[in-house]
Every structure is written in C-alpha cells, then in structure tokens.
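Note: hydrogens, waters and symmetry copies are ignored here, and every other heavy atom, side chains too, is used. So you know, we letter chains A, B, ... as the sequences are listed, proteins then strands, and number each from 1.
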Amino acid sequence: MDIGAQGDLIMNSDSENLTAPDVQTLESRARQIRRLVVQMNAAARSSHVGSALSIVDLLVVLYFRILRFDLENPRAGDRDRFILSKGHGCTALYATLAERGFFSKDILDTYYQDGGLLAGHADNHNVPGIEVATGSLGHGLSIGVGMALAGKHDQKNYRVFVLLGDGECDEGSVWEATMSASHFKLDNLITIVDFNKLQAMGRVEEVMNLEPFAEKWCSFGWSVREIDGHDFRQIEDALTKVPFESAKPSLILAHTVKGKGVSYMEDQLSWHYKSPNERELALALEELEL
Amino acid sequence: MRNAFVAALTTIAAEDPRIFLITGDLGFSVFEDFAGRFPGRFINVGVAEANMVGIAAGLASCGKVAFTYSIAPFATIRCLEQIRIDVCYHNANVKIVGVGGGLAYGPLGATHHAIEDISIMRALPNMKVLSPADPVEADLATRAAVAVDGPVYIRLGKSGEPRVHSGQPDFEIGRAITVKDGTNITLVATGGLVYNALLAARELATQGIDARVISMHTIKPLDEEAILRAAHETAAIFTIEEHTLIGGLGSAVAEVLAESGNRKVLFQRIGIRDRFCHEVGSQEYLRELSGLSPQHIVSRVVGYLSRELSKDIM
Ligand SMILES: Cc1ncc(C[n+]2csc(CCOP(=O)(O)OP(=O)(O)O)c2C)c(N)n1
C-alpha cells in the first residue's frame, strides 16, 4: 500500500500471541454472540442487524482479551473505556456484555420491548458496562478524546477505545476529533474503524468517497494499521501493540463485511434495515451452529 | 406522512426545476422515484448534517428551493448553527424536513426522539414551523412550504399515521384548521396527536363535554385569532403536543393568552415533562407513559374541569 509522505502506516504482521485453541474459543464466542444478535433483531423486528454482525469479532477480542475492567466494579476509575460510536450496532455490544458477564442474558430478551432495558441504540442508563449513550453519529470520538485527556491529566494508565462506522466518518465532527487527538498527543486513544464499505443509502465509495482513507488518518497525525477485522490473530495483534507509536493516537482500519457470519446478509445493504423472519432466522441459526 | 411528503415533493419537482432534495444518508426505499426522475437534483451528502444545511443554503442563494432531510433531531439540532446563520440569518429558501417528530422512533431511544425541536426551531428569526397532523396535511404542508419564500421547518411523523381529514381541508400557513366544532372546551393539538385529541373529544362527548378540536399545523406564525376565538367562545383550552412542555405549542398558546387580557378562560398544557426518556418501548407505549393517549387526555381534561369549572358549564 502507498503510504504517503508521513510513512506512518504500519502493515500488520501475524500475531504469535494466540494459540490455535485460543482462536477456537474466540470463534465459538463470536458465533454465540452472533446467534444472540440475530435472535434479538428478529424478535424485535429492528433494523441494523448487518451493522451489528460486522463488529462482533472486534468486540469479542476487545472484551475477552484486551480491555481491562472489573466486573464487580464496572465503573472503577482506572478501567479501560470503550465507546461504540456507531450506536446502532448495539445488539452486538449488548450480547457481548451479557456474554462477558456484565449483566444477565435474560435482559437481552427485553431489547426493544415495551418496558425493556435495552433501547435500539447503545444507552448507558439502564445496564452496566456502557460508557456513553450513542446513536447520533459522529459524537463518540470527541468524547473519547476527552476521556483520554482526563487520563493523561490524572496520570492514569487506562486506554480509551472508540469504534466508528465508515459512513460515520462523513461527519465533520469526526475529523475535528481526529485532529485534536494527535495535537494533544493522545497515545492512550485507539480508534477502530469498522470499514465494511456500506452505509445507510449505499456503498461508501458511491455515497461519499473516503479514499484515500488510511492516508487521511496518517496525515491527521495518527499511527495507522490495516487489518482484516474478522481475523482474530490480526485483531489481537493490532490491539496488543497499541500505541503503535508513542505520543500518537492509534487507528486500526479494520476491513469488515457488513452482515458477517450469515451468508445471505453479507455485504447486502438491505440488511441495514430488514430483520430476519422466522425462516430466515432458522437459516441464520443453522449457519451459526455452535 | 413521510410518503405523503415525498409524493408531493416529487410531483412539485416535475413542474418546478428549482426543487432540490438533499439528504443526510437517509430515505432508503423512499427517495428512489425522486432520485431516478431528477438525478441532478437529488444529493446525498452522506452522514453529514451540518454540511447538508450549508450546502442547502448555498443552493438557495443560487435560486434553488433546497429541501434537507433527516431524522428530526439530526435535521434540526445536529446542525443548529448552520440553520441559524446560513439559513435563517440569510432568510435562505431552505426547507428543513425532519422525519419522526416526537416519539415516533420510540424504541430506537432518546437520541432519535425529537421532543425539543419545535421550541428550538420556533426561536429562530425568519423560521416558520409546520407540524402536520396526518398524511393529508403533510402533503399540503409540503406544497405550502414551496409556495412561501424563506426558511420552513416541516416536522413529520413517520409512517402509518391515521388520517384526520377525510377530504382536502383548506391549508394555509398560519391558519389553524378546526377539525371538529365544539362549544364547551377547545383541544388545540399538533402533529400526530390531533388524532388522539379527536378520539378524546369523542369520549368527552359521551360525558357531556362538547370539545372543539383544532389542528395547529403551524406553530409559527401562530394563529392567534383562532386561539382568542376559542378563549372567547369556550371555557377552557388544552394544548396537546408530543413535545416538551418548555417552549412548544403549549408555551406559544400561553404567550398569546397571557397577553390577551382574557382572564376567564381556563388553560392547561398537555405534553412531555422536562426530562429525557430512559424508558424503552414503542411510540404508543411511550405516549401512554407520557400521558398522551386518548384516555389520558380525557382524564386530564375531566379531572381538571371537575376541579375548576362551575356546574353550569359542565
Ligand atoms: C447524526 C446521525 N445521522 C444519521 C443517522 C442515521 N443513520 C443510522 S446508521 C447510518 C449509516 C451509518 O453507516 P456506517 O457508519 O457505515 O455504519 P454501518 O454501515 O456499519 O451500519 C445512518 C445514516 C444517525 N444515526 N445519526
């Protein structure tokens, strides 16, 4: 890949950290979470199932291998922070948090239901483990910059991880945040872009071209790595090597597939909106057999 | 209402080459016809509402009628300063369309609820604020917005709203529509709640209360005459809105009444308390919790009147 003048782009090398059984464990967790996701979206008849499936593998590595937190005290001051800026992918986050033990899986049944605890966008008011309410795109990274600044000021060791959608990067506020993060030398801030190449009305390159995308982040002063966002070794390797450079924020450009894991949803725009009917759900669960 | 808006806009655009439609990456399975017929006048700016409004202002400065479109809070508050300066200060011919007014996006959560948009848009000089009651009014509001020069905010519901009007009412910006005549009290409602007000009026009739129902489809400029008439001809006015009680329809009506010198008419606002909604559920469920169902409106009216009113009016 052409890396431009800054030369900040670091290509991934395969991780030796994960053993084959480790990968198997992560795979089966991801499959379990995908099962929960399709079930939640089907029961609720809610949109965004494809958006959720896209980020499951990233969340699994984050929550089972990377993030430091205390389940007994999820608001402990030195915890790592995670912000799902693309809040519409919330069913993946809810299922991951439940699977990881932040709250009971029964709560997942209340997603989208009258009197339930889980809304159609990530909300920190009703369950533990969610840092901020998102759903309006383009907010998460600025909040992450604030958390990272506070961490520096308070001399804490926590890291801040922010997960953005690629379409979300249309928002000008994302680039304001991006500029400020490198200006303030926030090497405790890590952004992951879920680069699935689809947004709400079509393909990213047709709706609003982001290219040269990696180079944009480089030129905004970030240290950039590109990975396959469904390859556990690559995800783990990138996330264990942050910060990629000292005094710089880190960007992981994760190439993903919207709807990943359910063949008929993969890379299909319509699954931004549709929810699986009974037959489609059965098919999905079959494909996601544990 | 969304479909009625798009159908009207597509019809108008066929005759009026000034019409542009700019979306913030929304309108899947809604805008295909418009985009297919007028590809040069359909612009998706991506998920970038501030840019969307600035672009609309630029287009308007070159003689276009620029419609912006997103989910109501993103169409209004996400890009407020662009609306205030680029659009309103320049009195630009930009029409802002928000889909999902009030709690229409119920289970999607607080980020998608639009319960402060009316007050905020109303505060902006040059801005007109329309809040149609049903698909018929949404169609007429779209046409009226094109016919008038300058900024207009159209607050739509989403889809599947029941019809309030069986025929085509006279629709004029700033002129309220009396949906049902009545002599005892007046229910002044806006948006999708006009329908609930009608249902409430029907129930009130069985309890001997003859309620007038007004669709206040224009919140700014407000039809002061309709309010003063109601204050003169009926004993009590209730405003009903799917919106915070601060600064919306109820506040606008209260301002008129307070300065009118009418000290006799009773007045109550029915709307959403000053809080965010942390509850999860459908629009109907959240309306229920917020006291906006027809049954809640009836109880509020009856409870208040029985406390306040003298026997001869009851
Ligand atoms: C400020 C704002 N504008 C518009 C929307 C509506 N919306 C929800 S998802 C989406 C597309 C997001 O695309 P992307 O970030 O690529 O996410 P993904 O493809 O993973 O769903 C849009 C426009 C929103 N939630 N917030």
Do the side chains of [X] and [Y] get close enough for a salt bridge, i.e. N-O under 4.0 angstrom?
X: A/E171; Y: B/R78; answer: yes
X: A/R79; Y: A/E131; answer: yes
X: B/D117; Y: B/R155; answer: yes

Report yes if some heavy atom in the side chain of [X] is under 4.5 Å from a heavy atom in the side chain of [Y]; otherwise report no.
X: A/R75; Y: A/F69; result: no
X: A/L163; Y: A/L62; result: no
X: A/T96; Y: A/Y94; result: no

Only pairs of heavy atoms separated by less than 4.5 Å count here; which of [options] has the most with chain A?
options: B/H112, B/E284, B/E288, B/E279; result: B/H112
options: B/G106, B/G27, B/S29, B/P73; result: B/G27
options: B/V280, B/L26, B/N44, B/T23; result: B/V280
options: B/I71, B/L108, B/V45, B/T111; result: B/L108

Is it the side chain or the backbone of [X] that comes within 4.5 Å of chain A heavy atoms, both, or neither?
X: B/F74; result: side chain
X: B/N51; result: neither
X: B/E49; result: both
X: B/H278; result: both

I want to check a possible cation-pi pair here: B/R41 against B/F38, using under 6.0 Å from ring centre and within 45° of the ring axis as the test.
yes
Could you tell me whether A/K216 sits above the aromatic face of A/F220, with NZ or CZ closer than 6.0 angstrom to the six-membered ring centre and within 45 degrees of the axis?
no
With a 4.5 angstrom heavy-atom cut-off, which part of [X] approaches chain B: side chain, backbone, both or neither?
X: A/Y273; answer: side chain
X: A/A200; answer: both
X: A/S173; answer: side chain
X: A/L117; answer: backbone
X: A/H125; answer: side chain
X: A/M208; answer: side chain

What's the separation between atom CD1 in B/I154 and atom OG1 in B/T142, rounded to the nearest 0.5 Å?
4.5 Å
Partner chain B: residue of A/V174, A/D123, A/V204, A/L118 with the largest heavy-atom pair count (under 4.5 Å)
A/L118
One option among A/A119, A/G120, A/A122 has the most heavy-atom pairs under 4.5 Å with chain B, and it is A/G120
Specify whether A/H272 and A/H48 have parallel, tilted or perpendicular ring planes, treating 30° as the upper limit for parallel and 60° as the lower limit for perpendicular.
perpendicular
